[in-house]
Protein chains: 2
Amino acid sequence: MAEDAPRRHPTLDEVAGLAGVSRSVASRALNNAPHVSRAKREAVERAVRQLGYVPNPTARALATRQTGAAALVVSGEDPSIFADPFFAQVIVGASAALEEADLHLMLCLAATDRGRKRVEELLLSRGADGVMLMALREDDPLARMAEEAAMPVVFGGRPVGPAPRWYVDVDNAGGAREATEYLISLGRTRVAAICGRLDTEAGRARYRGYRDAVLAAGLDPFAPQEGDFTEPSGAAAMAALLADHPDVDGVFAANDNMGAGALRTLREAGRRVPADVAVVGFDDLTVARIADPPLTTVHQPVTALGREMARMLVALIDGQDPTPLILPTRLVPRSSA
Amino acid sequence: MAEDAPRRHPTLDEVAGLAGVSRSVASRALNNAPHVSRAKREAVERAVRQLGYVPNPTARALATRQTGAAALVVSGEDPSIFADPFFAQVIVGASAALEEADLHLMLCLAATDRGRKRVEELLLSRGADGVMLMALREDDPLARMAEEAAMPVVFGGRPVGPAPRWYVDVDNAGGAREATEYLISLGRTRVAAICGRLDTEAGRARYRGYRDAVLAAGLDPFAPQEGDFTEPSGAAAMAALLADHPDVDGVFAANDNMGAGALRTLREAGRRVPADVAVVGFDDLTVARIADPPLTTVHQPVTALGREMARMLVALIDGQDPTPLILPTRLVPRSSA
DNA sequence: GCTTCCAATGGGAGCGCTCCCAGGGCACAC
DNA sequence: GTGTGCCCTGGGAGCGCTCCCATTGGAAGC
């Protein structure tokens, strides 16, 4: 290690000493609290500059019982779930909102047992001021842990089961309904759904939305063709669909990855898109734009999701009681439908 | 907030009291340090369980002067740079390695002025035990800050300029050379390069690798056609290339996004890939697989990059002096070349 | 001129943990 | 019986900050 600076960090006491004031006054000056004369305030500022003083966040955390950090926990049995660019966008939003509140972002991938244990400890030990929880599974142990933790918790996307007290979600059902209605409005009558994992609330809600739209149009809904939100699973689901229902003329895929997979299978099967089969995805990630043909999809405000989660968490930390939020989606017509 | 647990967290003192030992003994038992009799150790364990005691990480951090966290700082003037799935993969690797060392991961997007200021404070105040720095620009103020910080710092990817003391990088030049040699081995003689930003070391090194390969084959290198690593910039660069050199028959794109953009432009221009123009990308992200045609590309071990950065940082924190690491790349032939 | 009040001040007690160190106790060798 | 070690043990001093509280002194009000 570079030992260029062998001298310890200056402490508040040293600042106070140099400024000729007490530690209390120095502290107040630093946090620009009242009851500090202009002269002393300036003396403290001068001393801070002269010493290159930077407050020790750990000591402050201990004294205030606030860590100055919020955690974003991403559940999932496989760490690579996080490789989905979806989370990256969530983080961009969350990070910006936390920055405004001067909170640091801790990222916890609770994929392994050890990871989950560490999250539990975090929750129990108040190692953060609050937690954002995402991608919980059905019966995810994190849900129980979060409930027991005496700490603000915001859910990103509702988990399966009863809705938590505080969450931010996207209007999955509404978006799926709109996508399906769009396919129907195009004259498609044999519209199938490639679902995401049905042990996630997003997977279920999107299928619900599809089903509602199909039923409302007086058509017959297809049984859910389940994938796992990955491109290969979408390709496989599309293949199964073609085998069972060769006359399918419209497909709602519960996310863009699976939609892209479906496009690939259709291309390999010699079906023209959208002439023979129209396809709509969900998410509006990069993959939708670069798919061939570019995928008509349901845009969900992912960055906003992260931002709103963080804002809700900050409100909670500030002792407020925000209301859950459901963000709107928007259909983005491209070439695949 | 749910006030189900209005009682404070038990402290070590309370554990010690219940176990009938001193705080010192309780502390030693907890950290399973020596000099604790079997009987007292068990008494402490019992008390811990009975009270549901969880150590306060902040207090421990203050006493040990170790925060128990490592930060991953992603620079860049635009927060959305982080939306690149590249970083998500790095995080998967880094997170796993940090988990092994029982360190938490703090994520800092140093895009805004405020973000940079917070990183500086983190560095100066030892708000983390170590820092991983990525995506630094030329003359990035973070480089100087990192240098001055009395804290272990590992670079992910070398910054422009003199190599830092500790870094993990990918063999950018080697990968680019291999990609270009591959194009040449296919009989292409007019091989162009769509470069990434040339104010990044990766952008420069990849162009260098391209240039070396072209020169070694006795061909004429094209002037760098600069993009910014995004799909549209790749498309634009390809259009410019076609305008200036209609006879181009091979393209090395410095990353997959730009490669995908190039494919799009070629398709729109009616050029067949790879018959008329062969294209090779770099990164081997999802986009390469789903591009049309699937993009031949240079795989770089992104997760390993994150893992090795974290391991190097842990070694540094442990007082060791690891050596810089350059990870190998691998050509992945698909259909575009 | 004498209360009344309040801004300004600094002392000191924590926050919950680690770790140094002096002091027992006990076994073993002399 | 007296040493010589060791292993345990618990007291206590921090780590660096915040914040309560008692104290002071000067301005304002009568």
Side-chain angles (χ1 to χ4, degrees), chain A residues 7-45 47-48 51-69 102 121-122 124-129 150, chain B residues 7-45 47-48 51-69 102 121-122 124-129 150:
Chain A
R7 71 173 201 297
R8 273 175 34 266
H9 275 73
T11 70
L12 190 54
D13 274 298
E14 299 173 45
V15 170
L18 182 61
V21 303
S22 73
R23 196 172 2 99
S24 306
V25 170
S27 172
R28 262 167 302 187
L30 235 66
N31 301 301
N32 47 9
H35 305 308
V36 182
S37 67
R38 186 187 183 81
K40 304 228 164 187
R41 195 178 290 274
E42 283 168 359
V44 170
E45 282 166 8
V48 163
L51 259 39
Y53 170 78
V54 182
N56 178 322
T58 306
R60 190 186 297 228
L62 184 59
T64 59
R65 303 151 159 289
Q66 303 229 61
T67 63
D102 212 31
E121 271 171 17
L122 187 79
L124 259 33
S125 69
R126 296 196 60 89
D129 295 341
Chain B
R7 72 176 200 297
R8 274 176 32 268
H9 275 73
T11 70
L12 189 54
D13 275 297
E14 298 173 46
V15 170
L18 182 61
V21 302
S22 73
R23 198 174 356 102
S24 307
V25 170
S27 172
R28 261 168 288 170
L30 234 66
N31 301 301
N32 47 8
H35 305 308
V36 182
S37 66
R38 185 187 183 80
K40 303 228 165 186
R41 195 179 290 273
E42 283 169 0
V44 170
E45 283 166 7
V48 164
L51 259 40
Y53 170 77
V54 182
N56 179 322
T58 306
R60 192 188 298 234
L62 184 59
T64 60
R65 303 152 159 288
Q66 302 229 62
T67 63
D102 213 30
E121 271 170 18
L122 186 78
L124 260 33
S125 69
R126 296 195 60 88
D129 295 341

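Source: prediction; values computed, not measured. Lettering of chains follows the sequences in order, A, B, ..., and the numbering in each one begins at 1.
Remark: the backbone N or O of B/Asn56 is not paired with any side-chain donor or acceptor of A/Arg126 at under 3.5 angstrom. In this structure, A/Arg28 contributes its side chain and A/Arg41 its backbone to no donor-acceptor pair below 3.5 Å. Side chain of A/Thr58 to main chain of B/Thr58: no donor-acceptor pair is present (N/O by atom type, distance under 3.5 Å, no hydrogens or angles).
Minimum interatomic distance between A/Ala26 and A/Val44 (heavy atoms only, all atoms of both residues): CA-CG2, 4.0 Å. What you find for A/Ala19 and A/Ala43 is that their closest heavy atoms are CB-O, 3.6 Å. Here the closest heavy-atom approach between residue B/Tyr53 and residue B/Leu30 is recorded as CE2-CD2, 3.3 Å.
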Nucleotide-resolved protein contact map, nucleotides 18-27 of chain C, B/S/- at heavy-atom distance under 4.0 Å: BB--------
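Rounded to whole Å, atom P of D/dG16 lies 7 Å from atom CG of B/Leu62. Distance CG (B/Asp13) to P (C/dG14): 12 Å, rounded to an integer number of Å. The separation between B/His9 atom NE2 and C/dC17 atom C1' is 15 Å, rounded to whole Å. If you measure from atom NE2 of A/His35 to atom P of C/dC5, you get 17 Å, rounded to the nearest angstrom. As rounded to whole Å, 16 Å separates atom P of D/dC15 from atom CZ of B/Arg126. What separates CG of B/Asn56 from P of D/dG16 is a distance of 17 Å, to the nearest Å.
If you find the closest nucleotide of DNA chain D to B/Pro34 and to B/Arg65, the one lying nearer the 5' end belongs to B/Pro34.
Closest to the side chain of B/Thr11, out of C/dT9, C/dC17, C/dC15, is C/dC17. Closest to the A/Pro55 side chain, of the nucleotides D/dC17, C/dG16, D/dG16, is D/dC17.
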